[in-house]
Amino acid sequence: MGLLKIDDLKVHFPIRGGFFRTIVDYVKAVDGVSFELNEGETYGLVGESGSGKSTTGKAVVKLNDATSGRILFEGQDLSKLSFGQMKPFRKDIQMIFQDPYSSLNPKKRVVDIIAEPLRNYERLSVGEEKKMIQKYLDKVGLSPDSMYKYPHEFSGGQRQRIGIARALTLKPKLIIADEPVSALDVSVQAQVLNFLQDLQEEFKLTYLFIGHDLGVIRHICDRMGVMYRGRLVEEGISEEIYENPQHIYTKRLIASIPDLNHEMREKKTNLRKRVAKEYEQNHSKYFDDLGRAYDLKPISNTHRVALR
Amino acid sequence: MEKPILQIENLTTSFKIKDKYYMAVDHVSFSVSENEIVAVVGESGCGKSALALSIMRLHNNQRTKIEGEIKYRERNIVTISEGQMNQIRGKEIGIIFQEPLTALNPLMTVGDQIEENLTFHTKLSKEKKRLRTIELLTQVGIPSPTRTYDQFPHELSGGMRQRVMISIAIACNPSLVIADEPTTALDVTIQAQILELLKSIQKETKMGIILITHDLSVVAEVADRVIVMYAGQVVEMGTVKQIFTKPLHPYTRSLLKSIPSQATNKKRLHVIDGMVPSIVNMNRESCRFSPRIPWIPCNAHEESPELHEVAPDHWVRCTCYKHFYFKGLQRGEITNGIT
Amino acid sequence: MWKFILRRFFVMIPQLFILSLIVFALAKQMPGDALTGISMDPRISPERIYELREKAGLNDPWYEQYGRWISGIIHGDFGKSYTHKIPVTEVIAERIWNTVFLALITLILTYLFAIPMGILSGRYNDTWIDKIVTGYNYLGFATPLFIFALIMLFVFGFSVGWFPTGGSVSSKVDAQTFEYYVSKLHHVILPALSTALIATVGTVQYLRNEIIDNKFKDYTRTARSKGIPDNKIYTRHILRNSLLPIAAFLGYEITGLVGGTVIIETIFSYPGVGQLFISSIGLRDFSVVTAIVMMLGFATLLGTLLSDIILSLVDPRVRVE
Amino acid sequence: MKGESVNNIQLAKRSPSGIKIIWQELKKDRLAFGSLFFLLILLVSVYIASFMMDQKAIARVDIYSIYLSPSERNLLGTDYAGRDILGQLIFGTSNSFTISLCITSLTAFIGLSAGLIAGYFGGVVDNVIMRAIDFIMSLPSTMMIIVFVTVVPKFTVTNFILIMSIFLWTGKARLIRSKTLAERELEYVQASRTLGTPHWKIILSHILPNISSIIIVNFTLNLAGNIGLETALTFLGFGLPESTPSLGTLISYARNPDVLENKWWIWLPAAMMILVLMLSINFMGQALKRAADARQRRG
């Protein structure tokens, strides 16, 4: 039994138009996505901008409302809950955000930022709270005297770690990490990724890791799903998808990753050309007449692909 | 050996912050030849974008000071008048910016924005300008150029806008194009297309390209020569082969090692201690990378680190590279970035 | 495009409807009605008054009265003025052109001051010229129109005597002659100038900020990277993008002027709609008052509509729908 | 890189609380600081004087001393009913300022609540509030206030404040709404929602402090504007009732051309008082605006 099961999730945003500003169409940001997260694993959602990967993540924590479908967390459907009813579940599902600058309130001290979730759920004495915060600051590698500083006194990587500490204080089971390293430089990115892995081990966390950098996703995720225009086109064990992509979009995505080995240049260029050609020729094999990807079909126990 | 188009000697760019000047680009020297892609790579705050804007002299000149020489075809463009510089901008040197949405005027059609370049640098008739613009749009791979000609930037996708940006830069057949993070704002599939496009244009026009980027894999894909910058200085410079197969400077090696790749699967990534110093409070005396490799003894660094030519065309700053090893690994164990 | 204007127009209908309801309700609240004058007369018996009221429909339920009133307005009938004893439309028609003329001159003067000042101080910001303009802005922003107008009247009307201190035209000239128009202009200059000097401040400040903003925009940098000379960058890029919102504010500017007419016409005893409004309130001539509020309400709504249309015409980002 | 490093420095310089920044910025701006100092002295002395003086004595009609020019007995002369101008000026100043302050506070409260609610919740709530605002803003407000004032059965100061407030909260609500909308999109607000923080707490303890400097700036500028508006309406005869003299009352005597032309001591001091009040409040407001708006600081 998975920890989180997403079943045919749809998130549609209305487009208003015409004479009376009525709803004329929908942006189908997420259009029928199903996948499952097992306890303790890291599941990666990868896709380009506008593919609906972030919207999916935000639907789980109710930052977006699901239009239809189910979001089962430990067997309980979250999609029908109101903002208030969601409160007890928020303890178990936390989120890490992309932008280390805007995700921390600039007017609050670190101590207040990290204590915010604690104050919402638990009644701790000032001393207990302080001890807790010091513990988590220590976990993310920040010195205890950073408690009384303001976010602007930290670098991007340190801020991101403050954000992680904040998400940890309630001892969540699931963390939704929405592009947590894409705003960071490579060297800082490495640091944050390491922290995420260490913490996963220590706190038995499950991650839903959303990203666009395939290198990072491959590095950190056990399993992953590839999203394209609101649909999952391929899903399974990361290793398998990288080594043996089946859907044309996945192939294209992987072929596009620039290679650190400069001697592979020509090979890469040729590969891209080949994939582009296949993309044009076999379009109907992968997409229906409306350009929508087909439903996922298992091709092995661990690998599902959207094929006709 | 191709002849150099641009030669930069001891270029120093300083910004005025609270009435004091701080060097963002610190005595940088390098050259770009015809038909060559030189990549300038480094993390944010290393001065690479300041370098790009200095070459074009696009900084706010009330709070920026540029010293040293930038010789474009034997002519020092640091000292020429603004009017003379306008004859070089757009015509001889083109530039591509990072954000294709904000870099285009929202109220002007794509066609007008490209034609503007031709208006100020050629004597083409109106009709000829239009034809040339459509030719350019075709060249950068825009599917329906005549339609796009009359469209506004907001009607185009990010990739298409960046193609428009490129056609503005190459409109007058410049001999040098500066691409300042041209693919950072784009998706990876589009990034690949834009890089291929730049390469194919270069093949046709033989122009030199300075590619500014933070992404080492992009560098590995397209560059001929690589300049690694740290804290405003060049710390290592060499051919793409030298940099990627035999990196020497501790910073280059650390950077390469921290990139997640196939080999690092689920393993811990290499982390560089500390953080990039800000230009306001940095120690400009000794090796600027030394605070981040504290386990290397002080005497391994030079007192005022210089660039040393360790192999033909391969330059490294400071002598600390000779003594550098990764913490946790045996001293003397040779590791390059990739493995 | 037409669809947009049409839709915007239809949005106005409920607004006008609510406005008319409010005005009607207010009119009902106003002390006295068409028969108040007679009912004070002791020679007429209360029964007779009741009869008269009945006949005039004043005892009907409010919605019937409202229905009659609104259908009258739609047909251009605002009722009769108690004090002038002629149809309200005629009373207003006498004055409206004066007000329109004053507003037009004010508008022209406002932009005549605002655009050069805004451009100069935006382009050469932090120079002496900018400091002068900003200083003027500070003063203008802090000076209430009525005080400035009074001082203008005191200085240029009474003390120096360059301009007339009241009326819209000299009584000594004949209509339709050249002197007549000169005299009209002579009368309108001082009130228009007073308003414009104060009203221009907002536009100057806005334009200045826009220009400074646009100077540092990425697309301006792109333009510079093309090797376009500084002057051309201003005319082709920065000014075009900065003047756009100013053009769109034209409508709101008109809306603002409507409010100003009440004060300015009172101070300069200028026979326009604003002054008529104040004097009618004083005389309790409420059919005139309601008519003016309705009309000017309509004018303000038109002003905002105009702004929206201009904006959608000049900005391609709005134009595409 | 330049933008980034410059930003970092600005960030570092930015002190944590909005009020603190504002205080520091005020101290730096000599003109604004002087204005504050001057304003405080002026208001304190006006309030003390009006407290000590006998209002009835000043309102008493004295037909033997009509239109006296300034003299030792009446420092600023007398009006058409022989009343002392200086006394009226002092009462007028304190009344005008107090009432404008009330109007500003009331509109600030309404505008802030409406703006925060509309901006934070969006959707239908926002739509309803915005339509109401659009409607009120499209009314010819000066005229509507005048009509309301004449229609209201029992015209009192409270009623006047309420009527003014009905028409004056909308601009502020709009401003606050747009700032709230922008703030809401920032990730720290989203983060608070995922942390289980209730809506009211997010609005009050996260969004409000982050827009506080704008609120303060807007409050000051509105205060100055409201003094102008109140006195203008009183000048026209539709502002404060006779029993509560305002600065506008004194100026309204100048509607008589004879007073305007020949008896400057009646209206000019009041006009100058309004100018001085509005200017000094505005100087402070503009300095605060520069402090709040980094773009302006850049020059």
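Proteins get letters first, then strands, A, B, ... in listed order; numbering begins at 1 in each.
Using a 4.5 Å cut-off between heavy atoms, A/Phe89 makes no contact with chain D at all.
Nearest heavy-atom pair, A/Gln94 versus D/Thr194, reported as atom, atom and distance to 0.1 Å: NE2-O, 3.2 Å. Closest heavy-atom contact between D/Ala191 and A/Arg166: CB-NH2, 3.4 Å. Between D/Thr197 and A/Asn120, the shortest heavy-atom contact is OG1-ND2, 2.7 Å. Closest heavy-atom contact between A/Asp99 and D/Glu187: N-OE1, 2.8 Å.
For A/Phe203, the CZ atom counts as densely surrounded, since its 6.0 Å shell holds more than 12 non-hydrogen atoms of other residues, nucleotides or ligands. By the neighbour-count criterion of 12 heavy atoms within 6.0 Å, atom CZ of A/Phe83 is densely surrounded, having more than that number from other residues, nucleotides or ligands. Counted within 6.0 Å of NZ on D/Lys201, heavy atoms from surrounding residues, nucleotides or ligands total more than 12; the atom is thus considered enclosed. Around the NZ atom of A/Lys62, the shell of radius 6.0 Å holds more than 12 heavy atoms that belong to other residues, nucleotides or ligands. Taking a 6.0 Å sphere around NZ of A/Lys87, one finds it holds more than 12 heavy atoms contributed by other residues, nucleotides or ligands.
Note: A/Ser102 leads A/Ser102, A/Gly163, A/Pro151, A/Gly84 in heavy-atom pairs under 4.5 Å with chain D. Each of A/Ser103, A/Pro117, A/Ala167 has some count of heavy-atom pairs under 4.5 Å with chain D, and the biggest count is that of A/Ser103. Here A/Lys108 is the residue among A/Lys58, A/Met95, A/Met86, A/Lys108 with the most heavy-atom pairs under 4.5 Å with chain D. In terms of non-hydrogen atom pairs under 4.5 Å with chain D, the most contact-rich of A/Leu63, A/Val61, A/Asp112 is A/Leu63.
Rounded to the nearest 0.5 Å, atoms CG (A/Asn105) and CG (D/Asn210) are 4.5 Å apart. Taking NE2 from D/His206 and CD from A/Glu116, the interatomic distance works out to 3.5 Å, rounded to the nearest 0.5 Å. Taking CZ of A/Arg119 as the reference point, atom CG of D/Leu195 lies at 12.0 Å (rounded to 0.5 Å).
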